[in-house]
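The sequence lines fix the lettering, A, B, ..., with proteins before strands; numbering per chain opens at 1.
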Amino acid sequence: MGALDIAGVSKRFGADTVLDSVDLSVRSGDILAILGASGSGKTTLLRLIAGFERVDAGTVAIGGGMVASPTLHVPPERRRIGYLAQEGALFPHMSVGRNIAFGLGHGRHEARIAELLGMVGLPEDFATRSPHQLSGGEQQRVALARALAASPRLILLDEPFSALDAALRQDVRQTVTDAIRATGATAILVTHDQAEALSMGDRVAVLRDGRIVQNTDPVSLYHRPRDAALAQFVGEAVLLPATAQDGQATCALGTLALVEPMQGAVTVMIRPEQIRLVPEATEGSIPARIGVTHYFGHDALVELHLADAGVPLLLSRTYSHALPQAAGPIGLVVEGAVIAFSDTAFPVPAAAD
Amino acid sequence: MRSFRLPRSSRLTLTALATAGLLTASVAQAQAQTGAKPTLILYSAQHAQVVTMLTKAFEAKTGIAVKVHSGEGPEIANQILREGKSSPADMVFVENSPELTLLDQNHFLAPVNKATLTVVPRADSAADGDWVGVLERQNVLAWNPKLIAESALPRHLADLADPAWKGKIAIAPGDADFLPLVGAMIHAEGKAKTLAWLDGLKKNAKIYQDDEAVVAAVNRGSVATGIINNYYWARLRTEMGPDRTPSRIAHFAPGDVGNLINVSGAGVLETSHHQKEAQQFLAFLVSTDAQTMLAKSSVDYEYPLHPGVAPNPLLAPRDTLHPPAITPAELGNDREAAKLVQQAGLI
Amino acid sequence: MSSFRVLSSLPRPSLPRPSHGLVLIGAVPAALVLLPIGITLADAAEAGARQVIALLWRPLVGTLLFNTASLTVAAAFCCMALGTAAAVLIERTDLPGRSAWAVLAVAPLAVPAFVASYAWVSISPEFEGFGGALIVTVFAYTPLVYLPVAAALRGLDPALEDSARALGDTPWRCFYRVILPQLRPAILGGALLVALNILIEFGAFAMMRFRTFTTEIYAAYRSGFNGAEAAALAIVLLIFCLACLAAETALRRNVHYARIGKGTRRRATPWRLGRWRLVAVPGFALFALVSLGVPVFTVLFWLTQHGAAAITPDEASPRALLDATLSTIELGLGAALLTLVLALPLAILSTRWPRFALTLPLERGAWLAQGVPGIVIALALITATIGTIPALYQSTFLLLIAYAILFMPYALVGIRSALLQADRRLEEAARSLGSNWLAVLWRVTVPLAAPGFGAAASLVFIAVSTELTATLLLAPIGTETLAIRIWGDTSTLAFAAAAPYAAVLIALSMAASWLLARRFGVSALHTDPGG
């Protein structure tokens with residue numbers, strides 16, 4: 001029995017099947033990130049857990065207690081959940097303090113409000129402010145304090161950082177993670193941002209077209225995705241046709257070690273940070289030519305062309321201090337084992353010349 | 001940008017001025033299109049349907065079109081006073097004589113043709129012959145037999161100020177028809193007694209906006225009695241039918257002020273540029289044709305002043321009315337009456 | 001008019017001072033609106049303070065205050081309840097046939113209150129007085145609450161509701177604690193508009209024989225003896241109207257509308273009505289029946305009654321009907337043109353020089369028109385021209401001026417939005433792409449601004465064709481509009497005679513409103529001084 005158990009849940013809107021027989025369990029105290037593109041059904045899944053929508057099939061249990069089935073619908077107010085909406089959804093006609101105490105019932109809650117404000121990194125005197133006097137990040141912190149106020153057993157986060165500036169996002173994300181960990185609550189985070197999912201989730205469940213494609217820990221998801229599309233969804237990926245034999249695969253970049261043994265025609269997936277640039281004609285390196293460089297400051301993505309025009313564009317992620325000075329010939333070395341997919345039909349980007 | 005924007009706004013200003021000019025020009029043109037036969041302008045306080053019938057018949061007979069401006073009697077009389085010499089009106093036709101007296105006293109009316117004046121009883125026109133009586137109607141008491149016994153009805157108008165009548169009488173002091181009654185009271189009893197009567201009436205009466213509302217209230221049983229002109233009851237009876245008209249009308253004691261007869265009359269404005277045609281219209285109003293048409297229609301329930309034309313059978317015969325002996329001149333011009341009514345707080 | 005408010009929040013380019021000429025003609029609307037107020041004050045001043053006080057210190061004024069206050073309170077309360085309930089049911093529940101009800105909920109706006117009044121009194125004189133006045137005002141003005149509340153509901157972030165539910169609120173408690181407080185400004189604003197409309201309304205109450213300030217000002221004018229009385233009552237009325245207008249404006253200015261963020265918005269999950277739909281659907285049907293069915297079916301009934309069979313046998317000849325229809329259309333078009341032309345310079349000033357010192361006062365001055373009743377404007381214009389300016393007195397142009405004063409705010413809202421659509425920066429972009437100013441005007445400005453001008457013109461046209469008070473007092477001799485005909489026939493109980501005119505007027509107004517709503521959305525039917 002987990003903090004949350006979802007079994008065979010389906011949801012349709014008219015003729016549109018948004019969720020198709022979803023199974024999902026979350027261990028108590030874990031943060032589960034549900035990662036999906038827009039339209040994947042991830043928000044609907046969250047709303048089914050919250051009780052804002054009704055399931056068409058399957059069951060939802062929170063802490064072992066059944067809350068939803070086609071014949072049962074426990075209303076949201078009786079599910080003891082915390083809910084953090086996209087932009088906080090603070091009640092604009094109430095002060096910060098009254099917002100936080102909203103779910104606490106009658107009585108005085110000054111001490112609890114102060115404690116919660118401290119937990120989300122805001123000073124006590126914020127309690128008397130109006131929501132419209134706060135910045136987006138502050139609003140989101142208050143919304144979290146409000147969601148945590150009644151010590152819910154399950155916290156649902158609906159893309160809570162997507163409306164924030166990039167500079168603020170990391171900071172707020174950290175506060176939220178710390179606060180959730182501090183309360184020991186179980187949390188479910190819905191997001192379309194793979195970096196957010198990988199950094200915050202103890203586990204990450206990827207939702208695609210209403211189905212869970214993979215549910216695993218962040219490291220496995222990144223390095224051992226189930227298919228090529230998923231590989232590209234959770235990060236930059238270089239996909240090459242290869243021939244596998246047991247623990248090795250041979251492709252345009254030579255013979256590479258496989259994470260799992262495979263046989264026959266396959267597609268190998270290499271992360272750009274696995275492709276290291278070495279001086280031209282270094283022993284064991286593959287000769288290549290540097291194309292366009294995308295510079296990000298801390299690192300850079302370098303486009304590489306092989307002599308064989310049939311090989312798709314390659315990418316290498318390189319620390320910016322190790323970036324080659326000029327375009328021209330260079331050598332490549334692949335580090336570490338790679339994963340191979342039996343599916344060989346993958347999008348081949350046109351090679352630039 | 002500046003060179004483009006400003007010309008646009010100023011061009012639009014020019015358009016605005018041109019539009020204004022065109023509109024004024026078209027109005028002026030419409031006014032100038034008189035042709036061979038002039039179009040007469042009638043300021044009327046008579047009922048719209050009555051006037052429509054009359055002007056249509058007049059146009060059919062003479063080819064002279066009449067445009068009508070409608071309003072309450074005091075309103076149009078005062079409107080003409082305010083318009084002064086530039087008033088567009090050629091004729092005026094009102095329901096009550098005081099409004100004509102007011103215009104006559106201020107020298108706004110031209111003498112009416114002798115031939116027209118002689119058609120109707122001399123006493124029903126202006127003493128100086130500046131307006132002619134056309135129709136008349138009587139003040140009566142509407143009453144509802146479900147609420148009051150016939151024997152309990154008042155003998156005199158003055159009785160209604162008695163505290164015994166509290167809540168049993170409806171009046172419409174804001175209706176133009178109420179003022180002549182007050183004027184008659186002033187003539188008969190003097191100002192002080194009239195004011196005291198109005199004070200008593202104010203304590204007793206339920207106030208309605210006009211005579212139509214008074215007679216409707218009596219008929220549906222909201223109030224026992226109400227002071228109205230007789231033809232409002234006749235109209236209500238036509239509207240509702242005999243089955244749904246439980247109310248009836250009663251007269252006061254013979255010769256009582258309450259039986260006052262109001263004369264509806266017409267005059268020609270001294271400033272009119274179409275004296276001949278305007279006089280033609282007045283002559284038409286008292287003609288046998290016009291008077292018969294009015295008496296036979298179910299629009300107007302007034303007594304025709306043409307002695308040869310019988311009134312509508314729904315009305316009490318003319319010789320049973322027993323009005324007080326008050327001439328239009330003695331009735332005055334409503335000004336005193338209006339002051340007293342206001343002083344009493346009724347309007 | 002939420003779309004206009006959104007537009008007005010666009011950053012506007014700040015430019016050097018406008019030319020003196022533009023400021024001068026931009027001041028015309030405000031001057032026109034202030035003119036009747038000034039004349040009324042002058043009329044009262046002429047009578048002297050003592051006489052004005054004596055005129056106001058009368059039991060009649062007490063009666064009027066009581067009538068006005070009791071009707072306003074009762075009608076505002078009913079409109080708030082009905083308008084809010086309708087908005088919630090249509091916007092937030094799974095009520096069957098919501099889109100049809102949404103149209104029916106605003107359709108009463110296309111039926112002039114005095115026509116509804118005519119319908120009710122022609123059914124029975126029993127409806128005269130407070131009861132009838134309440135029925136007519138409630139059903140005529142409920143859209144004034146419904147529209148802003150529906151807009152506020154659409155603007156609410158559904159996440160607020162979700163959060164409240166997740167925090168333990170039941171649906172009812174959530175509605176009471178979270179949704180209702182945020183609708184409050186819209187509800188109160190709508191109620192103030194209802195109050196303002198009740199204060200201004202004349203024809204509906206005159207036909208109902210319900211005495212309010214407007215009917216009594218009219219009566220004072222008709223009794224003819226005392227211009228000071230009309231002026232004294234008009235001043236009291238003006239104070240109430242302007243107070244309502246000010247309160248409504250202040251209320252709107254203080255609202256921080258619910259949405260703090262700016263992200264994408266999910267459509268709110270409709271509440272399940274369940275068994276409540278057995279109450280809601282008949283409730284809506286009843287509302288539609290009373291607000292629309294009664295006027296329409298009553299008019300249709302009287303249409304089938306031959307003149308002689310009904311009360312007074314004044315026949316409506318096809319010729320008279322055609323004349324009245326054409327007069328109405330002509331006046332509507334003329335007024336739309338004049339109003340737009342007068343409003344344009346001020347609209348240019350307010351969109352292009354919003355920070356110029358005189359822009360705001362001039363705009364506010366023009367907005368005041370919403371608080372100046374037609375009867376006050378009409379009487380003031382008569383006073384200004386009678387015996388002194390015979391060329392204007394009783395002229396069509398004077399009537400058009402009255403319309404322009406009354407409906408200036410409609411034109412301003414439309415033209416402002418049109419000019420904001422045709423943003424300067426778009427014109428500049430076109431110039432940079434090689435178009436000369438004429439080409440820019442033709443290819444960019446006109447296509448962008450035309451819909452706004454069209455909406456403004458239609459609004460003025462609808463308002464003019466259903467206007468009674470100023471038309472009645474200022475129409476040139478011989479000009480009979482549909483409204484004047486209905487008025488004349490109804491006051492002599494010639495209900496059958498009035499019916500064809502009422503039918504044409506309702507058809508005209510509904511057709512124009514329908515076109516307007518289809519083109520610009522239902523909210524276009526509802527102009528408030530938000531712009």
**Study point:** Heavy-atom pair count under 4.5 Å with chain B, highest-scoring of C:Thr385, C:Thr63, C:Ile386, C:Ile401
**Key:** C:Ile386
Review point. Taking atom types as modelled and ignoring hydrogens, do the side chains of C:Asn67 and C:Arg211 form a donor-acceptor contact shorter than 3.5 angstrom?
Key: no
Check your understanding: Between B:Ala216, B:Gly84, B:Ala213, which has the largest tally of heavy atom pairs under 4.5 Å with chain C?
Key -> B:Ala213
Exercise for review: Against chain C, label B:Leu81 side chain, backbone, both or neither, depending on which of its atoms sit under 4.5 Å from a heavy atom there.
Suggested key: neither
Review point. Of the options B:Glu83, B:Glu75, B:His69, which is the one that meets B:Tyr43 in a side-chain hydrogen bond (donor to acceptor under 3.5 Å, both in side chains)?
Key: B:Glu83
Practice item. Could you tell me which portion of B:Tyr208 (side chain, backbone, both or neither) has an atom closer than 4.5 angstrom to a non-hydrogen atom of chain C? Key: neither
Review point. Given the side-chain rings of C:Trp487 and C:Phe202, with only the six-membered ring counted for Trp, is the space between their centroids under 6.0 Å?
Key: yes
Practice item. Please state whether the side chain, the backbone, both or neither of B:Lys339 comes within less than 4.5 Å of a heavy atom of chain C. Key: neither
Practice item. Can you tell which part of B:Gln79 gets under 4.5 Å to a heavy atom of chain C, answering side chain, backbone, both or neither? Key: both
Review point. Given the side-chain rings of B:His47 and B:Tyr231, with only the six-membered ring counted for Trp, is the space between their centroids under 6.0 Å?
Key: yes
Exercise for review: Establish, from distance only, whether the side-chain atoms of B:Ser247 and B:Asn219 form a donor-acceptor pair under 3.5 Å.
Suggested key: yes
